[in-house]
Amino acid sequence: MSQAATPMLKLTRKDFMSDQEVRWCPGCGDYAILAQMQKVLPELGIPRDQLVFVSGIGCASRFPYYMNTYGFHTIHGRAPAIATGLKISRPELHVWVVTGDGDGLSIGGNHLIHALRRNVDIKILLFNNRIYGLTKGQYSPTSELGKVTKSTPFGSLDYPINPIEIALGAEATFVARSVDVETKHLQETLRRAHEHKGSAFIEILQNCNVFNDGAWEPITDRATKGDHQLVLEQGKPLVFGKNREKGIRLGKDMNPEIVTLGEGVDTSQLLVHDETNPSMAYILSRLGPQFPTPIGVFRAVKRMTYDEGANAQIESAKKRLGPGDLEAILNRGDTWVVK
Amino acid sequence: MSQAATPMLKLTRKDFMSDQEVRWCPGCGDYAILAQMQKVLPELGIPRDQLVFVSGIGCASRFPYYMNTYGFHTIHGRAPAIATGLKISRPELHVWVVTGDGDGLSIGGNHLIHALRRNVDIKILLFNNRIYGLTKGQYSPTSELGKVTKSTPFGSLDYPINPIEIALGAEATFVARSVDVETKHLQETLRRAHEHKGSAFIEILQNCNVFNDGAWEPITDRATKGDHQLVLEQGKPLVFGKNREKGIRLGKDMNPEIVTLGEGVDTSQLLVHDETNPSMAYILSRLGPQFPTPIGVFRAVKRMTYDEGANAQIESAKKRLGPGDLEAILNRGDTWVVK
Amino acid sequence: MTTHTETPPRPQVPKRTEELDEVVIRFAGDSGDGMQLAGMQFTNETAVAGTDLATLPDFPAEIRAPAGTLFGVSGFQVNFSSHDIFTPGDNPDVLVMMNPAALKVNLRDLKPGGIIIADTAEFTENNLKKAGFATSPLEDGSLAKYQVFPVDITQMTLRAVEGLNLNTKVASRCKNFYALGLTSWLFTRPIDPTIRWIEGRFKKTPELVDANIRALKAGYHFGETAEMFAVQYEVKPARLVPGKYRNITGNSATALGFIAAAERAGLPLFLGSYPITPASDVLHEVASYKNFNVYTFQAEDEIAAVGAALGAAYGGAIGICTTSGPGMLLKQEMINLAVMVELPLIIADIQRAGPSTGMPTKTEQADLLMAIYGRASESPVVVLAPATPGECFFMAFEAVRLAAKYMVPVIYMSDGYLANGAEPWKIPKVSELPQIDVQFRTSPEGFQPYLRDPETLARAWVKPGTPGLEHRIGGLAKEDVTGHVSYDPINNEKMVRLRAEKVARVAMDIPRTDVRGDPSGKLLVIGWGSTYGALVEATERVRAQGKSVSHVHLRYLNPLPPDLKEIIRRFERVLVPELNTGQLLKIIRAEYLVDAKGMNKIQGYPFKVGELMQKIQELLEE
Amino acid sequence: MTTHTETPPRPQVPKRTEELDEVVIRFAGDSGDGMQLAGMQFTNETAVAGTDLATLPDFPAEIRAPAGTLFGVSGFQVNFSSHDIFTPGDNPDVLVMMNPAALKVNLRDLKPGGIIIADTAEFTENNLKKAGFATSPLEDGSLAKYQVFPVDITQMTLRAVEGLNLNTKVASRCKNFYALGLTSWLFTRPIDPTIRWIEGRFKKTPELVDANIRALKAGYHFGETAEMFAVQYEVKPARLVPGKYRNITGNSATALGFIAAAERAGLPLFLGSYPITPASDVLHEVASYKNFNVYTFQAEDEIAAVGAALGAAYGGAIGICTTSGPGMLLKQEMINLAVMVELPLIIADIQRAGPSTGMPTKTEQADLLMAIYGRASESPVVVLAPATPGECFFMAFEAVRLAAKYMVPVIYMSDGYLANGAEPWKIPKVSELPQIDVQFRTSPEGFQPYLRDPETLARAWVKPGTPGLEHRIGGLAKEDVTGHVSYDPINNEKMVRLRAEKVARVAMDIPRTDVRGDPSGKLLVIGWGSTYGALVEATERVRAQGKSVSHVHLRYLNPLPPDLKEIIRRFERVLVPELNTGQLLKIIRAEYLVDAKGMNKIQGYPFKVGELMQKIQELLEE
Ligand SMILES: Cc1ncc(C[n+]2csc(CCOP(=O)(O)OP(=O)(O)O)c2C)c(N)n1
Ligand SMILES: Cc1ncc(C[n+]2csc(CCOP(=O)(O)OP(=O)(O)O)c2C)c(N)n1
Ligand code: SF4
Ligand code: SF4
Ligand SMILES: [Mg+2]
Ligand SMILES: [Mg+2]
């Protein structure tokens with residue numbers, strides 16, 4: 001399209017706000033995520049018309065309505081599939097998918113995995129509030145075992161899915177986690193996702209103050225977050241704690257362990273984060289409950305994207321076989337003439 | 001049911017063969033798998049009527065027709081869901097699921113993951129021939145990148161799914177791999193799956209001699225398999241090679257490396273297989289192409305099963321609240337009498 | 001029991017009591033204002049007081065839309081009467097409005113001369129603007145033709161709970177109970193049921209028990225004392241059929257119907273479901289009865305939900321799944337498998353307004369053709385639809401009974417209006433419910449998987465785990481009797497026809513069709529599902545004008561009642577009103593070749609009696 | 001070019017040539033015997049020889065069922081003639097049988113006095129037993145009423161390829177070409193097209209080129225020289241409409257139709273698909289044209305396939321998906337979304353015999369009601385169906401054209417018989433194909449997402465990436481013109497009716513209905529889809545007996561042709577023959593209130609002309 005013709009005005013956050021009143025519950029974590037997105041986008045220098053937000057169904061999935069870009073609020077669980085078709089045929093567009101823990105991991109789990117393994121160049125944001133918000137509070141695939149909800153008055157029985165682990169298992173090329181209220185961190189993570197060429201998966205810990213209030217409190221509360229957040233930084237040792245006094249080391253049998261710095265231990269013995277090391281990402285993805293929760297980029301590696309491949313295949317076929325000749329293929333094979 | 005009343009005759013392989021003629025192509029790897037199943041079952045001492053084979057659609061999924069047990073050939077991709085309902089409500093039955101790489105990882109990927117994360121006590125056999133057999137040869141989610149098939153005459157573009165890695169990512173409690181033609185190994189693996197309490201996932205490498213002949217040749221061919229198979233044994237170091245002259249050691253940054261035994265290296269430096277160590281299983285699941293292919297049990301851990309939990313919940317509710325009283329719940333809440 | 005003496009006794013103003021036959025009240029406010037609760041509790045009070053009633057909850061799809069917006073308004077309408085009633089009423093007599101937006105949205109429906117109770121505290125400039133009022137309607141005279149009672153509900157509530165140490169936010173959340181108390185006084189409804197409910201609900205937070213009861217009573221007493229209210233209204237109990245009653249919603253009745261059926265069959269119940277509005281509450285309610293033999297399984301999606309239910313049915317349980325339109329579409333492939341393997345399976349479709357995500361909290365009855373014809377190839381199933389909230393119990397029960405008797409999938413079609421609507425329900429005695437007689441086959445003697453019962457054509461239900469009956473079933477075409485895979489052309493046609501015939505034979509179980517009104521005449525109105533109440537009322541009223549109109553309401557949509565053909569013949573004209581563009585209409589026309597006309601409404605709301613009457617009168621005059 | 005002189009010249013026995021007007025040949029053998037190939041090549045030969053033709057491939061669902069079994073028999077029937085023909089023929093004149101099982105399965109269909117060519121090598125005791133023959137029919141006199149030619153095809157083939165250093169297994173795989181060669185000689189068909197085909201197909205393995213050509217020629221020469229064959233038959237070219245022809249199957253024509261339409265629209269084609277019999281070949285063929293602007297995407301399931309197609313349509317491509325019954329059911333929720341967001345989307349349902357997995361390789365036309373009504377709520381789409389393999393091209397093209405013109409989903413319904421069946425096809429000139437004129441909106445001036453073209457009611461197609469037109473669409477109910485989310489009741493009804501009206505207006509694009517036979521009379525036969533050929537032939541033959549029967553064939557199933565009502569009025573009776581239990585029948589009855597009768601067959605096979613004639617005659621005599 002006429003992208004070049006659009007004068008590249010410097011856009012502001014306001015430019016990305018649509019005319020629709022935001023309909024989330026007051027206090028919902030979704031507001032913060034929306035705000036960070038609207039703040040980051042102007043800095044990326046992409047014209048609004050080149051951006052498309054595709055979502056499924058759920059509270060999170062109302063996101064596109066509030067973005068003054070192109071947007072498609074689709075059906076439950078299928079956004080990655082729709083985004084895939086769009087991105088393959090329109091590789092120049094920037095396609096973001098917004099989904100929830102139910103939308104993306106319950107009904108839509110398979111599409112998510114397949115989009116990731118194909119490495120379609122779309123950015124998938126999974127708002128994880130560990131609950132079904134829009135349907136008024138049933139447990140979700142990320143709810144903790146024994147969760148008492150409307151649909152599980154005696155407690156849930158299924159072991160939760162770990163979104164990061166599943167994404168890694170699908171060999172996603174970019175896997176990260178951030179938090180609704182960590183504004184700077186979230187902005188930075190969104191930017192990283194944008195810069196990554198290939199599928200990017202970000203789990204965003206999000207508070208549903210109506211049906212699952214405080215689900216992430218230890219990680220978000222000022223008082224406790226020092227001990228409960230482990231901020232991953234490429235090339236940096238894994239240090240955390242209120243006063244950054246603790247670290248993580250690889251113990252026997254590849255089991256990670258928490259150590260206190262100073263007592264004969266210094267940062268040189270700690271694991272050093274490496275976004276390209278698959279085992280590292282895996283171990284970090286499943287640190288037990290006694291460990292802090294890692295946020296940041298678990299894995300970032302390069303691989304051909306599906307959309308690149310698909311378009312290159314067409315180009316190379318055209319080069320090799322000449323551009324398609326309709327008359328020729330209609331007349332292919334044995335023909336004869338009746339007079 | 002009247003299981004106790006059934007005289008426990010010693011069954012033989014023949015007892016497990018149904019009266020239906022087997023309809024796979026001559027030479028198909030499925031025959032060997034069927035044979036091993038029919039050989040193992042008599043040794044497990046389960047009456048035939050306590051066994052149910054549930055399958056989806058595909059060549060592999062014809063399996064139940066040939067077993068003289070209960071069997072349900074369902075629809076494409078959904079066998080784990082059907083088996084889940086059966087097992088929850090009939091926990092005493094032995095429920096096996098047979099699926100293919102298309103059935104189980106393409107259309108049925110999500111059900112597979114959810115069955116595994118729930119740890120429903122069903123045994124899932126995924127016959128991986130890296131192709132769609134029944135629909136005559138399109139590439140499957142496990143086909144190698146660039147695969148030329150009917151549906152991809154210019155080569156496939158998507159990075160294959162690694163079934164073991166996906167199963168581990170779903171936190172399956174039992175994850176193993178075996179091979180159609182490794183009769184003893186396969187029998188042993190089936191037995192282990194049976195003995196495991198919880199979801200068991202076995203990827204069985206299977207040859208489709210019509211549409212993807214030789215897909216596993218390096219691993220199955222006498223001449224090469226020594227170098228290409230890594231047999232996992234609990235508590236044993238990772239040794240392989242024609243003359244068991246090679247081993248696998250953990251190198252820098254948790255990267256595995258191949259070493260030759262003898263040259264200053266002995267087995268004590270090798271990784272020792274531990275089915276309960278998640279990082280071990282993960283690293284083994286994604287050994288690169290220069291490594292041998294592990295077969296055996298990657299992970300085996302214990303966790304409450306969903307079916308146990310569901311039934312225990314009913315029992316405990318009965319204990320706590322007394323057995324359900326229909327009259328009482330019909331009359332619940334405010335009532336009044338009209339005369 | 002908590003008691004309050006904080007409200008100072010006030011001088012009793014002498015009040016007049018007027019008797020009314022029927023009253024329609026609508027409560028409305030923000031989504032967070034607790035209007036659904038107030039409405040439900042009022043319903044319960046008037047139910048206990050013995051009136052007949054019908055309700056229409058009406059809430060937005062947003063969980064808690066921003067305060068004061070038009071799209072965030074949540075309403076609840078209740079109609080109660082000393083005679084039999086069938087609908088929540090076309091137009092309210094009373095509006096209890098918690099803010100300007102609520103008034104804006106609802107005013108157009110209020111009857112001339114109707115009552116408006118409004119919380120003045122919320123009529124701020126800002127709120128008025130959000131609602132699109134230039135000036136306050138409470139002050140600008142625009143409501144002159146109504147009786148307006150401006151009450152500072154918010155302030156009074158805060159005062160009532162003073163001293164309980166609640167913060168203002170929590171305290172002001174009690175205002176729905178204040179409004180309820182006032183309304184209860186105005187219509188002389190007993191507030192004890194509500195007090196009991198509050199005590200149960202907030203058991204774990206005694207301060208909320210206290211606060212809500214205080215607010216309730218304060219509202220009640222305000223009515224008693226305030227001079228503003230000179231008249232109190234009374235609606236006498238209705239002369240319902242004698243018996244013990246409770247109030248019940250359609251979803252609750254559906255849940256209980258399924259549980260009752262499983263109990264009467266002596267089988268475990270397996271409910272596989274994936275949450276979806278407006279079906280989720282059935283799952284919630286069934287899940288709360290775990291001390292019955294009840295498995296509830298929240299699946300990863302609708303396909304797995306119905307798959308698990310089918311797996312359980314295969315294992316010998318009553319396999320059920322509950323969903324709504326978008327979810328139904330995902331189940332059709334599995335239902336087709338159930339058709340082929342001839343296992344009992346119950347699929348409850350609680351219809352909502354579509355297509356696609358549509359208006360999820362609004363009602364519609366447009367899934368009928370999809371239920372009957374929406375599967376690939378020839379795939380007959382039984383389709384049933386209850387007509388009222390209470391009837392959901394019996395039709396849910398019937399769905400299970402027929403599925404087990406004929407070894408066939410049954411689709412049970414409720415809708416959003418039935419699901420959330422309530423009515424007084426004569427509680428059945430368990431002993432009077434039919435026994436569901438399931439005989440699992442256990443004898444290997446001459447066993448064949450597709451041998452059929454000569455009367456019902458049902459094949460035998462065999463539980464895996466039965467020695468000697470090992471066999472295989474599946475979705476491939478199967479040979480008659482043996483069930484072996486077969487591609488024989490003649491056999492295929494035979495099996496297609498057998499499956500159709502089996503469903504056709506369900507007609508044997510359909511009771512004689514009840515014609516309301518004369519058995520023959522000028523106009524026959526045929527309805528199905530939740531339109532029942534409106535159709536009864538409309539046809540009765542037109543009949544009361546001495547005109548010839550009768551009404552037949554179908555609960556069995558596939559197969560159709562065998563006597564329907566004869567009934568239709570006896571009328572000159574046929575009208576089929578539906579909340580869709582004419583779905584049953586198509587079936588009636590194709591089946592009976594009668595030039596039936598449709599009356600169609602696709603607005604997410606039930607029919608109004610008035611609009612139906614008008615159409616009926618038109619047709620009678622043509 | 002490979003030449004062979006290995007076959008020694010034999011003395012020419014003088015042969016008689018008989019001219020025939022029409023011949024039906026059926027090839028059959030094991031699934032591994034290459035009978036589909038032999039049949040297809042014979043078809044090609046006779047096509048090139050200028051006859052008219054029609055084919056019926058018939059293969060099992062098993063890939064390579066065990067040799068010699070009845071269920072493993074794979075057959076291919078071809079009818080060729082010097083006059084216009086429309087069906088593969090009711091009963092073969094000739095059976096080319098590669099083993100006893102094939103003979104067993106096919107003998108019942110052979111015409112009295114028909115020819116049997118059988119490979120004697122396969123009539124072993126073991127094979128006879130598997131086929132259920134006590135003694136060899138080639139020897140026990142049971143085939144006395146036929147002309148039997150026992151030929152040791154296996155042995156002769158092995159001999160023909162001797163010296164090429166092939167192992168026996170590979171060598172004997174050439175026997176289908178031997179049989180083809182022999183049959184080609186017997187019916188004087190040219191074998192050059194087959195030689196060319198072999199050369200192309202086995203390019204990479206020259207020894208197979210050699211072997212197969214040798215086998216082919218050996219068979220041909222055997223006919224020439226063996227005394228057994230005294231007569232050679234000839235079928236003269238048909239007088240087809242002048243033009244350039246090729247042979248085409250329905251699936252091939254469908255693939256080309258889609259590509260042609262995308263080219264004529266100047267847009268990229270995006271085909272999202274998940275493999276399923278009998279639709280997969282469309283995906284395969286489209287995927288081979290990557291030098292066009294063609295994306296093919298093999299998705300993880302049918303939902304993702306249609307989702308990706310819709311995503312591509314949203315992006316401005318021609319979005320198509322191809323599937324069959326079980327897969328269709330999974331797409332309905334996404335189609336509903338497409339209905340709501342009003343984007344063009346083409347869904348091709350290549351119907352197969354069901355329900356459930358059913359008989360995947362057999363044909364049926366029982367998805368019609370599902371296509372029209374199988375979605376939740378009110379969800380109108382356009383439904384089209386081609387009538388012959390060649391017509392698949394034009395209707396696929398038309399599906400794309402209408403979808404883009406009206407911004408609406410179009411369901412295109414082919415079936416297993418059309419998909420695999422072949423006919424001579426007059427190749428259209430590209431320049432004669434309609435231009436598909438797509439105008440993407442680019443001007444922000446007064447833009448609203450749901451502004452409609454006053455004539456078609458289509459909203460504008462806007463490509464993301466267009467500056468100034470940023471907007472949001474989705475599956476929630478939407479406000480007229482603006483497309484904003486709206487729960488307004490009146491607006492909802494308006495939108496439901498607008499979507500219906502848009503589909504209704506497609507009627508403007510439907511050409512006048514062609515009545516074959518008199519424009520009025522006693523009996524009107526209405527058909528749709530692949531039954532065309534059989535209906536034409538049956539009605540023509542009955543008409544030739546001087547009786548009053550006409551035939552209308554519908555390509556537009558929703559909406560129906562506007563002139564159909566008038567046409568129906570002009571006939572006393574209406575018959576609707578279908579390969580289902582009466583689906584179009586229901587629509588015709590409901591729509592036109594005519595007491596139309598059905599003729600129904602659900603056997604996985606097309607109608608035979610004979611059975612249709614009988615039914616028509618019966619109705620005419622009643
Ligand atoms: C096919 C289908 N099934 C079910 C639903 C109902 N539904 C809507 S959103 C939702 C789950 C939402 O949970 P999540 O994805 O976690 O989003 P949240 O609301 O928590 O942001 C469900 C079950 C639906 N719309 N469509
Ligand atoms: C809903 C649906 N979609 C597609 C198909 C067609 N189909 C049948 S089996 C199959 C794939 C089989 O592949 P795999 O699971 O690998 O089994 P294999 O035949 O290789 O053993 C497909 C696509 C179907 N039967 N149902
Ligand atoms: S229900 Fe929860 S997730 Fe949904 S808008 Fe409200 S607070 Fe947010
Ligand atoms: S197609 Fe392949 S997988 Fe299927 S039966 Fe034949 S050899 Fe086996
Ligand atoms: Mg959520
Ligand atoms: Mg496979």
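Computed from a prediction, not measured in an experiment: that's the story for all the values here. Here is how names work: the chains are called A, B, and so on, in the same order as the sequence lines, proteins then strands, and each is numbered from 1.
In this structure, A:Asn119 CG and B:Leu157 CG are separated by 11.5 Å, a value rounded to the nearest 0.5 Å. The OG atom of A:Ser285 sits 7.5 Å away from atom OH of B:Tyr282, with the distance rounded to the nearest 0.5 Å.
Proximity of a side-chain donor or acceptor of A:Gln313 to a complementary backbone N or O of B:Phe154 within less than 3.5 Å is detected.
The candidate with the highest count of non-hydrogen atom pairs below 4.5 Å against chain B, out of A:Glu308, A:Met304, A:Arg303, is A:Arg303. When each of A:Asn277, A:Asn162, A:Thr305, A:Val120 is scored by its heavy-atom pairs under 4.5 Å with chain B, the top score falls to A:Asn277. With chain B as partner, the option from A:Gly309, A:Ala317, A:Ala310, A:Pro278 having the largest number of non-hydrogen pairs under 4.5 angstrom is A:Pro278. Options A:Ala167, A:Pro160, A:Pro256, A:Ser106 differ in how many heavy-atom pairs under 4.5 Å they form with chain B, and the most are formed by A:Ser106.
Contact of the B:Asp158 side chain with the A:Arg117 side chain is registered, since non-hydrogen atoms from C-beta on lie closer than 4.5 Å. Between B:His111 and A:Asn110 the shortest side-chain heavy-atom distance does not fall below 4.5 Å. For the pair B:Met254/A:Leu271, a side-chain contact is recorded, criterion being any heavy-atom separation below 4.5 Å from C-beta on.
Using a 4.5 Å cut-off between heavy atoms, B:Ile113 touches chain A through its side chain atoms alone. Looking at A:Ile283, only its side chain comes within 4.5 Å of chain B, counting heavy atoms on both sides. When heavy atoms are compared at a cutoff of 4.5 Å, A:Asp253 approaches chain B by way of both its backbone and its side chain. In this structure, no portion of B:Leu112 lies under 4.5 Å from any heavy atom of chain A. Neither the backbone nor the side chain of A:Ile164 comes within contact range of chain B; no heavy atom of the residue lies under 4.5 Å from a heavy atom of that chain. Proximity to chain B involves both the backbone and the side chain of A:Pro141, based on heavy atoms less than 4.5 angstrom apart.
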**Prompt:** What's the verdict on side chain to side chain contact (heavy atoms under 4.5 Å, CB included) for B:Ile161 and A:His114, showing C-alpha distance, side-chain angles and the deciding distance?
**Reply:** CA-CA 8 Å; B:Ile161 283 186; A:His114 281 270; 3.7 Å; yes
